[in-house]
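Data block below; observations after.
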Amino acid sequence: MNLEELKKTLEALIFVSEEPLTLKQIKDILQDEDSDHIEFALKEFIFEFNGRDGGLEIRELAGGYRMSTRPELHETIRAFLKTLPSARLSLAALETLAVIAYKQPVTIPEIMEIRGTRSTSAIKTLLDRRLITAKGRKECVGRPMMYGTSKDFLIQFGLKDLTELPSIEDFEDLVG
Amino acid sequence: MNLEELKKTLEALIFVSEEPLTLKQIKDILQDEDSDHIEFALKEFIFEFNGRDGGLEIRELAGGYRMSTRPELHETIRAFLKTLPSARLSLAALETLAVIAYKQPVTIPEIMEIRGTRSTSAIKTLLDRRLITAKGRKECVGRPMMYGTSKDFLIQFGLKDLTELPSIEDFEDLVG
Amino acid sequence: MSDKTISEMSEATATETAVEDNYETTNKGDYKIKLEAFEGPLDLLLYLIKKEEVNIYDIPIARITEQYLEYLTLMEELDIAVAGEFLVMAATLIHIKSRMLLPPDPNVAPESLEDPRQELVERLLEHQKYKQAASMLYSRSEVAQAVFTRAQIESDTQTPELSATVFDLLEIFKKVLERAKEQAEMEIARDEITMAEKMEEIHSLLKERDSLSIRELFEKARSKRELILTFLAVLELVKEAVIRLAQSETFGDITAFKRVAETRPDTEEISESGENLSQV
């Protein structure tokens with residue numbers, strides 16, 4: 001490998017590595033390359049990459065090399081991260097959402113009956129995320145609140161209306 | 001922000017984003033910046049970043065911008081990550097995907113008509129791999145589900161958008 | 001589309017690919033693999049057209065039909081289930097063949113005569129296009145797989161989006177329903193008692209008191225199975241002359257008494273058959 005190829009390879013390896021990439025790891029992967037040649041290429045690559053004064057830099061960390069954003073940009077990045085949809089739903093929340101989507105309007109005791117476990121915190125999560133909404137009270141003992149999916153649910157899952165939810169029959173077509 | 005600062009910010013944002021970063025997302029974060037100024041900076045940044053001929057490049061993908069390693073380095077990187085390429089789709093699944101990509105939104109009976117055979121297990125595979133997605137129901141007898149390609153399809157097949165697919169008519173001349 | 005791509009593709013999915021080569025093999029096992037490889041009747045027809053090196057726009061329908069039927073026979077001989085669509089195509093081919101044999105209608109100008117093969121040719125061409133498109137997608141995915149994105153970084157864990165699709169919701173809903181069903185079955189299984197236990201239970205109840213309402217006994221049953229067991233246990237106890245049953249009025253409550261107890265004169269004695277019990 002010539003020097004330019006070696007520098008390209010180092011850039012890519014540091015980029016994909018989960019942990020800070022150590023010199024030893026680099027030498028292990030690039031066994032055919034001369035050790036001094038690698039060290040020289042690495043120094044030159046870091047010097048050039050950081051010298052660009054771009055948004056990213058290579059930092060030496062925990063005995064290895066890592067690519068990261070420049071500290072002065074962190075405020076903008078934090079602002080960006082905040083705009084992303086919040087955390088993934090837990091399986092409990094997804095199960096509860098599935099039961100509500102297919103059985104709506106449905107009460108908490110009914111959801112419990114189907115899921116076999118308490119679903120109160122999952123329901124709170126779904127309400128906070130505006131994926132479900134209260135749909136009035138059921139006319140039975142205790143008049144429990146009924147829940148159904150919201151407009152946000154339709155948007156989030158790319159549905160025009162609830163009839164677009166795939167049914168079990170749609171799926172039977174697929175496995176049959 | 002001056003041009004250099006803007007380019008630095010773009011580099012950091014594209015790096016941080018897990019999904020291809022869209023122009024709209026960029027403009028939403030950098031609300032104080034002039035829209036044209038952003039577009040100009042983005043073009044210049046990509047031109048310069050890719051022009052370095054380093055191990056990384058910015059690619060336009062699924063309606064956004066993503067930083068990834070250069071294809072020619074794949075052997076070394078795969079050896080380092082010890083990853084295997086993801087399981088290949090069967091020919092049946094690929095053909096079904098082709099029909100869906102070009103005919104979307106399309107129902108299962110319509111796919112069957114073109115392929116001359118049942119495609120249900122192929123469709124199940126494509127759904128499991130998230131390459132296709134539900135696209136509402138067709139307003140005809142039985143209201144069958146319609147299918148189309150997903151964002152993951154664009155990402156996994158390296159497409160900017162669907163218009164990047166060659167026209168289906170272009171394949172005609174190859175026949176016979 | 002380069003030949004290389006297509007041949008790579010056949011390698012990748014060898015068992016599913018309609019083969020280009022070496023069809024002349026005499027090994028039945030090989031034949032079987034290759035015949036199963038045809039995705040459908042259109043695939044088989046395209047293969048035959050290629051093999052016979054005939055013009056797709058001018059298919060010698062008699063020859064191709066004959067070959068097609070030979071393949072179907074071969075498939076049957078090899079115990080490959082011939083899907084319905086293969087038979088439909090066979091019928092279509094035979095129909096086209098017979099139409100080709102008819103003398104042209106003298107009242108129709110030759111240029112406006114419709115070629116009976118027209119529709120089939122169009123379907124074949126259409127199918128062929130999508131096969132080419134599949135091949136194009138294949139090479140695209142190979143290239144796309146050669147690039148790698150960065151490793152996970154700290155911020156990733158905070159940002160993942162709601163990634164479930166509507167199909168995931170349906171899958172999850174089905175699993176919840178299945179689990180609910182299993183749970184119900186498990187509860188029944190856990191409560192399972194034997195007939196001997198049931199008889200013992202009735203027996204000990206009658207030790208504490210002189211009589212027992214049969215309806216009360218049935219109401220205690222928590223499953224259909226327990227209900228039946230209760231019924232059988234009562235009959236068995238009657239048969240063994242441990243208890244006797246009495247009904248104060250028709251359709252009235254039935255009471256079980258220990259055999260040693262006195263029979264009240266005003267009650268109608270029920271025989272061991274238990275026929276009347278079915279009215280309870």
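In what follows, every chain begins at residue 1, and chains take the letters A, B, ... in the order their sequences are listed.
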* **Any B/Phe171 side-chain heavy atom under 4.5 Å of C/Met136 side chain** => yes

* For B/Glu95, is it the side chain, the backbone, both or neither that has a heavy atom under 4.5 Å from a heavy atom of chain C? -> both

* Any side-chain heavy-atom pair from C/Lys131 and B/Arg115 closer than 4.5 angstrom? -> no

* Asked: So, the side chain of C/Thr149 versus the backbone of B/Ser68: is there a donor-acceptor pair under 3.5 Å, distance only?
  -> no

* Structure fact -> Taking every heavy atom of C/Tyr130 against every heavy atom of B/Ala98, the minimum-distance pair comes out as O-CB, 3.8 Å

* In Å and rounded to the nearest 0.5 Å, what is the CG to OG distance from B/Leu94 to C/Ser135? -> 9.0 Å

* Asked: Restricting to pairs with a member in residues 49-59 of chain B, which pass side chain to side chain donor-acceptor pair (under 3.5 Å), not counting sequence neighbours?
  -> A/Glu11-B/Arg52, B/Glu57-B/Arg59, B/Glu57-B/Arg70

* Asked: Which value, rounded to the nearest 0.5 Å, describes the distance between B/Ile14 atom CD1 and C/Arg150 atom CZ?
  -> 12.0 Å

* Asked: Heavy atoms under 4.5 Å from chain C: which residues of residues 22-43 of chain B carry them?
  -> none

* Measuring heavy-atom distances to chain B, does C/Gln145 have an atom under 4.5 Å in its side chain, in its backbone, in both, or in neither? -> both

* To do: Under 4.5 Å heavy-atom distance to chain B, tell me which part of C/Leu42 shows up: side chain, backbone, both or neither.
  => side chain

* Considering only heavy atoms, which portion of B/Leu165 lies under 4.5 Å from any heavy atom of chain C: side chain, backbone, both, or neither? -> side chain

* Asked: If you take all heavy atoms of C/Ala144 and B/Phe157, which pair is closest and at what distance?
  -> CB-C, 4.0 Å

* Above 12 or not: heavy atoms from other molecules or residues under 6.0 Å from CD of C/Glu119? -> no

* **Heavy-atom pairs under 4.5 Å with chain C, option from B/Ser150, B/Ser119, B/Ala134 with the top count** => B/Ala134

* Pairs involving residues 62-76 of chain C, ordered by first then second residue, that meet salt bridge (charged side-chain N to carboxylate O under 4.0 Å, His left out) (sequence neighbours left out) -> C/Glu52-C/Arg63

* Between C/Lys129 and B/Glu169, is there a salt bridge with N-O shorter than 4.0 Å? -> yes

* Asked: At what distance, to the nearest 0.5 angstrom, does OG1 of B/Thr149 lie from CG of C/Leu137?
  -> 10.0 Å

* Residues in residues 99-107 of chain B that sit under 4.5 Å from chain C, counting heavy atoms only -> B/Val99, B/Tyr102, B/Lys103

* To do: Side-chain contact test, heavy atoms from C-beta onward, threshold under 4.5 Å: evaluate it for B/Lys124 versus C/Phe167 and give yes or no.
  => no

* **B/Glu113 portion near chain C, given a 4.5 angstrom heavy-atom threshold** => both

* Asked: Between B/Leu81 and chain C, which part of the residue has a heavy atom less than 4.5 Å away: side chain, backbone, both or neither?
  -> side chain

* Below 4.0 angstrom, N of the basic side chain to O of the carboxylate: do C/Arg140 and B/Glu164 qualify? -> yes

* **For chain C, the option from B/Ile77, B/Leu97, B/Ile155 that forms the most heavy-atom pairs under 4.5 Å** => B/Ile77

* For chain C, the option from B/Leu73, B/Leu159, B/Thr133 that forms the most heavy-atom pairs under 4.5 Å -> B/Leu159

* To do: May I ask you to check if B/Arg88 and C/Tyr138 form a cation-pi contact, with NZ or CZ under 6.0 angstrom from the six-membered ring centre and within 45° of the axis?
  => no

* Interatomic distance, B/His74 atom NE2 to C/Phe148 atom CZ [nearest 0.5 angstrom] -> 7.5 Å

* For B/Ile114, does its backbone N or O pair with a side-chain atom of C/Arg123 as donor and acceptor, under 3.5 Å? -> no

